[in-house]
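All values below come from the heavy atoms of this structure, side chains included, with hydrogens, waters and symmetry mates left out. We number each residue from 1, following the sequence as shown.
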Amino acid sequence: MSFWTPAEDPGTRRLRSWVFDVGCALFAFVASFARFSFAQTANPPHLRLAAALVVGALTAGALPLRRVWPGPVFAWTLLVTAVLAEWPIRGMLYPVALAISLYTVAALTHRAEALAAAVLAAAVVIPAAGQAGWRSSWLPAIYEIAATAAVLVAGLYVSTRRAYLAELRDRAQRLEREHDQTSALAAAVERARIAREMHDSVAHHLTVIVALSDGALAAVTRSPGQASEAIRGVSSTAREALAETRRLLGVLRP
């Protein structure tokens with residue numbers, strides 16, 4: 001799937017998927033709201049409530065569409081995170097909305113695109129860790145890199161597992177189709193064999209009946225006894241032919 005193309009049709013998504021993604025957005029909103037309203041240092045002062053609500057809404061507002069348009073949602077959250085990264089906050093936590101959108105990109109898009117998204121995410125969040133000076137901020141920078149790598153690995157693992165399960169399903173369906181085709185071919189071969197056997201059996205019995213009928217017709221005036229014997233043979237052969245035909249038709253019917 002391409003980075004910018006829709007991954008799902010919004011009109012056919014299940015309600016459970018929408019509810020889950022809205023829950024992710026609310027979680028990211030609460031995390032961003034708590035971070036930017038209550039976790040400020042003394043300098044700068046606390047954000048006002050309205051400003052904190054705007055920051056939370058901007059950070060998490062696009063997440064309900066993360067599995068419909070994973071690329072655009074990631075680009076939006078990356079842009080908002082880049083703006084917030086310039087805020088003079090020391091020890092900023094890893095943005096939850098960016099983590100969720102990066103995970104979605106890693107799980108739904110190509111691996112190269114996921115790696116590029118992870119590099120961009122790290123490039124945006126790492127500078128925020130060095131606002132207090134890199135000599136005292138190397139540990140937060142390592143944390144940002146580790147968090148980005150963990151999210152990327154989790155998304156790639158889910159993507160690989162989905163691809164593996166899809167391959168297993170495709171293989172099972174392919175084997176089932178091959179089994180059905182083999183069974184149909186075997187049934188066709190068996191029906192052709194039975195049809196040939198029926199043809200040979202009926203043709204043989206009809207040949208005998210014709211021969212006996214001709215013999216009976218020739219002997220009916222000069223040797224009535226032989227004619228009667230030939231007629232009984234005709235009757236017996238006809239019954240055998242009828243029984244054989246019924247048996248073969250019974251095998252063909254299932």
Side-chain angles (χ1 to χ4, degrees), residues 1-40 46-87 89 92-111 113-122 124-125 128 143-144 146-166 169:
M1 187 200 71
S2 177
F3 188 80
W4 300 105
T5 57
E8 296 181 5
D9 184 2
T12 59
R13 290 192 70 194
R14 293 178 298 180
L15 179 61
R16 183 175 61 181
S17 298
W18 285 112
V19 171
F20 181 81
D21 288 344
V22 170
C24 291
L26 290 176
F27 174 72
F29 172 79
V30 171
S32 178
F33 174 78
R35 177 58 195 157
F36 284 95
S37 59
F38 302 118
Q40 297 280 356
H46 292 261
L47 289 178
R48 294 182 178 180
L49 178 62
L53 291 174
V54 170
V55 168
L58 289 176
T59 305
L63 288 182
L65 298 175
R66 66 186 184 92
R67 284 188 285 184
V68 179
W69 289 287
V73 169
F74 172 78
W76 169 254
T77 54
L78 184 70
L79 176 63
V80 175
T81 304
V83 174
L84 297 180
E86 300 303 321
W87 216 288
I89 300 173
M92 185 180 70
L93 296 176
Y94 189 80
V96 178
L98 185 61
I100 294 175
S101 60
L102 175 60
Y103 166 83
T104 307
V105 167
L108 297 181
T109 63
H110 299 295
R111 182 166 299 181
E113 296 173 343
L115 293 174
V119 171
L120 290 175
V124 167
V125 298
Y143 165 75
E144 301 289 1
T148 304
V151 172
L152 175 65
V153 169
L156 291 178
Y157 170 77
V158 171
S159 176
T160 302
R161 180 173 177 81
R162 286 176 179 171
Y164 174 71
L165 293 178
R169 286 192 295 267

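- Note that CZ of F74 is 11.0 Å distant from CD of E113, once rounded to the nearest 0.5 Å.
- In this structure, CG on L102 lies 12.0 Å from CZ on R66, to the nearest 0.5 angstrom.
- Distance CH2/W69 to OG/S101: 16.0 Å, rounded to 0.5 Å.
- Within the 4.5 Å cutoff, the side chain of L108 has heavy atoms near those of the R162 side chain.
- Between I100 and C24, the shortest heavy-atom contact is CD1-O, 3.8 Å.
- For A28 against A60, the heavy-atom pair with the smallest separation is CB-CB, 3.7 Å.
- Heavy-atom minimum distance, V151 versus A99: CG1-O, 3.2 Å.
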- Could you walk me through whether Y103 and V158 pass the side chain to side chain contact (heavy atoms under 4.5 Å, CB included) test, one step at a time? CA-CA 9 Å; Y103 166 83; V158 171; 3.3 Å; yes

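- For P70 against V105, the heavy-atom pair with the smallest separation is O-CG2, 3.5 Å.
- With values rounded to the nearest 0.5 angstrom, R14 atom CZ is found 12.0 Å from F20 atom CZ.
- Closest non-hydrogen pair, L152 versus A114, comes out as CD1-O, 3.6 Å.
- Atom CZ of R161 has 12 or fewer heavy atoms from other residues, nucleotides or ligands within 6.0 Å.
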- Task: May I have the step-by-step check of side chain to side chain contact (heavy atoms under 4.5 Å, CB included) for L78 and L120, ending in yes or no?
- Result: CA-CA 8 Å; L78 184 70; L120 290 175; 3.9 Å; yes

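- Note that the CG atom of L65 and the OG1 atom of T104 stand 11.5 Å from one another [nearest 0.5 Å].
- One finds the OG1 atom of T160 at 11.0 Å from the CG atom of L165 (value rounded to the nearest 0.5 Å).
- Taking each heavy atom of L98 and A121 in turn, the nearest pair found is CD2-CB, 4.0 Å.
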